[in-house]
> 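Below you will find the structure I want to go over with you.
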There are 2 protein chains.
Amino acid sequence: MVNVTMADVAEKAGVSKSTVSQYLSKRYEYMSVETRKKIEQAIKELDYRPNVLARSLKQKRSSTIGVIVANIMHSFSTEICRAIEDYYQEQGMNVILCNTDEDGDKEKSYIEMLQAKQVDGMILFPTGKNKSLYKKLTKQRIPILFVDRKVEGVHTDTVVANNADAVYQAVKHLADQGHRKIAILTAPLTISSRIDRVEGFKRAVQELGLDSSRDLTINCEIGQIRGRLQSLLSREDKPTAIIAGNDLVLMEILAYIKENRIRVPEELALLVFDNIPFAHLLSPTLTTISQPSAEMGRAAGRLLHERIKAEQPSDQQPPREMTYECTLIVRESSQGGIRP
Amino acid sequence: MVNVTMADVAEKAGVSKSTVSQYLSKRYEYMSVETRKKIEQAIKELDYRPNVLARSLKQKRSSTIGVIVANIMHSFSTEICRAIEDYYQEQGMNVILCNTDEDGDKEKSYIEMLQAKQVDGMILFPTGKNKSLYKKLTKQRIPILFVDRKVEGVHTDTVVANNADAVYQAVKHLADQGHRKIAILTAPLTISSRIDRVEGFKRAVQELGLDSSRDLTINCEIGQIRGRLQSLLSREDKPTAIIAGNDLVLMEILAYIKENRIRVPEELALLVFDNIPFAHLLSPTLTTISQPSAEMGRAAGRLLHERIKAEQPSDQQPPREMTYECTLIVRESSQGGIRP
DNA sequence: TCAAACAGATAAACCGATTTAGTAAATCGG
DNA sequence: CCGATTTACTAAATCGGTTTATCTGTTTGA
């Protein structure tokens, strides 16, 4: 038999489909032990496995959620995805993974695909380029949750790191080491996490009375970082410390540093936002700002799940925004570099 | 209207469901331009989106494939997954991602879940612990494909790297640099890729007439690597070069080297199997064996897809095994280390 | 003793599409 | 002008489950 259905089981057990269905959903209340045994037996003999598509169709839920990530190659994203996946596995649910490369069109087509697939909810690293679509989703009561980035004007659950404060602490740490001229390099300020990082930077510079020249804040495409670094570091009054906005920016900076044989931290202190797997193995070891990715991923999974479960009764709680604190892990690259 | 169905569209357009269905599948043959326009209009006005679950139920295919990966945190795995995802996006299909942590039970439960979800096929990094289940799947004509690892006795499409030859070339390279005592460290030999790497190592040692002491081949759990390294390197006749079996092993080795201030490549040459994102940024830069992960992922996607499409006509081609060559990227860590 | 309650099970409707078999009207060929 | 074909469209069955209403008997309660 190619495909065993519930009808086959029912026939073999000598009962009706309805009873088999009751058995499967473990509603044994009005069922004789005898019947139960017969069904059990029939299922085993036929190696029956229910078709969840049919179930989902009727129940109007698919036990599947969609995760739309900007770039899975980013280790922070991978860690979040993994945590989400772990959470939903425990809950007996599945995760469809989608990758947008920060492309708004791809994001849109994925969202529509996931909707067509009747996912119970979506977790997204929003590109921010489809605001009206996000809003439409919330209006249609499709549970969505943003992670890593907030989107202004869209009211839904959000899980982010305290980017601003983390950078503030980082700048403070550098200032404590005697640095007065600190630069920050990030990718373009298209998403809230980057904006917040720069904001924390500016606030710290302000409050701590550091050099607040405009050109110590650089936001550009990855490909242009080398060039910007070049001009930044060839100036007379060049910065003594640099904060890399994420792991990809860091790679560029490290390459530049290696090429130009810049000594870290003696000539230039270095600090990165993001957990770098090799941070403790580089020479010098790298000071990092670590985001609690596993906790954030789990929280995202849990929060969305609560929304999904609460969807039936119309107890509409206001959107929650969870902010996770980061940890500054001080290593060699940011310590004892400059002579006051 | 909460959920627009095809019936709603049909009513609005003043035609039958059947005609709408024809329209959706672009079978315009026997349809007046007028009708077509009316349907178009109705769909737009209602913002109708077909329910793919219903479609899948009837058509007995879900346009979804399952990917079961041993450990998504492994960068090689992530790269493969990304390539698979890219491929299926282009094909208008979705990917459900599952993570097993090399746990056979998890793998089994995922396989069953995916089957229940009626996936059109599965790509797996097999743990190797569910042979009978793999066989059952192939017997049931459910298209499955193995990637990274072969499984003896299970006849299905497989995409792997030429692990043996890659290591052979690596050993040759080290021998060319004058090394006679080379060690290889890998995780336990539970999967074919690791077994093949060791085999390539042994063959090279044999053919090139290098030191073939048994204890230069170490296979142990990640947690034990430090200890094994300790005893390996405290011997009088210690090896002058080490090959790390994968990125996780490398991390342990690098940590050990850093702690014990071993100079690379002067005291010890180092070479890793796997593409390490920081390879060119470490000091010294690291010699690596790079697997063409993107090509392998795409190939896996394409091959499985061909199987899926060919499933309807009963043209059963024999299983294909695609082997991809790796590239030895020589950097500082393996060059000019020893004095003959 | 008779209606109400209950235990155990089922028939049939339903979820939202696809697909098959068929129908009515228009067109065609001889 | 009539039967055959073609065109344009539809009713109804189907996919494989869930769910609701219902249907027998058997207990129970007053």
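As the structure is a prediction and not an experimental result, all values here were calculated from the model. Reminder, nothing fancy here: chain letters follow the sequence lines and each chain counts from 1.
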> Could you state the atom-to-atom distance from CZ of B:Arg49 to P of C:dG16 in whole Å?
16 Å
> Atom CZ of B:Arg55 and atom P of C:dC15: how far apart are they, to the nearest Å?
19 Å
> Should the pair A:Arg149 and A:Phe125 be classed as cation-pi, given the thresholds of under 6.0 Å to the six-membered ring centre and 45° from the axis?
no
> Please pick, from D:dG17, D:dA13, C:dC15, the nucleotide with the shortest atom-to-atom distance to any side-chain atom of A:Met6.
D:dG17
> Between the protein and nucleotides 5-9 of chain D, list every N/O to N/O distance that falls short of 3.5 Å.
from	atom 1	to	atom 2	distance (Å)
D:dC9	OP1	B:Ser32	OG	3.2
D:dC9	OP1	B:Thr35	OG1	2.4
D:dC9	OP2	B:Ser32	N	2.8
D:dC9	OP2	B:Ser32	OG	3.4
D:dC9	OP2	B:Thr35	OG1	3.1

> Applying ring pair (Phe, Tyr, Trp, His ring centres under 6.0 Å), can you list everything that pairs with A:Tyr48, at least two apart in sequence or on another chain?
none
> Could you tell me the Watson-Crick or G-U partner of C:dG30, where both distances fall under 3.5 Å? Say none if there is no partner.
D:dC1
> Over all strands shown, is A:Tyr48 touching base, sugar-phosphate only, or nothing at heavy-atom distances under 4.0 angstrom?
sugar-phosphate
> Considering residues at least two apart in sequence or located in another chain, which fulfil the side-chain contact (heavy atoms from CB on, under 4.5 Å) criterion with B:Ala42?
B:Val9, B:Lys12, B:Ala13
> Any chance the side chains of A:Ser56 and B:Lys117 put a donor and an acceptor closer than 3.5 Å?
no
> Between C1' on C:dT20 and CZ on B:Arg27, what's the gap in Å once rounded to a whole number?
13 Å
> Could you tell me the separation between the CG atom of A:Leu24 and the P atom of D:dG16, rounded to a whole number of Å?
15 Å
> Using whole Å, what does the distance between atom P of nucleotide C:dA13 and atom CD of A:Gln59 come to?
21 Å
> Rounded to the Å, how far apart are A:Leu53 CG and D:dT18 P?
12 Å
> Let's test your reading of the model: under 3.5 Å, does the base of C:dC14 pair with the side chain of A:Lys58 as donor and acceptor?
yes
> Classify A:Lys17 by what it touches in the nucleic acid, base, sugar-phosphate, or nothing, heavy-atom distance under 4.0 Å.
base
> Decide whether B:Glu45 and B:Gln41 meet the rule of one side-chain donor and one side-chain acceptor closer than 3.5 Å.
yes
> Can you tell me how far P of D:dG16 sits from CG of A:Asn51, to the nearest Å?
7 Å
> Strictly below 4.0 Å: does B:Thr5 bring a side-chain N or O up to OP1 or OP2 of C:dG16?
no
> Can B:Ser75 and B:Thr78 be counted as having a side-chain donor-acceptor contact under 3.5 angstrom?
no
> Would you call A:Glu306 and A:Arg320 a salt bridge, taking side-chain N to carboxylate O under 4.0 Å as the test?
yes
> For the pair made of CG in A:Asn3 and P in D:dG17, what is the distance, rounded to whole Å?
8 Å
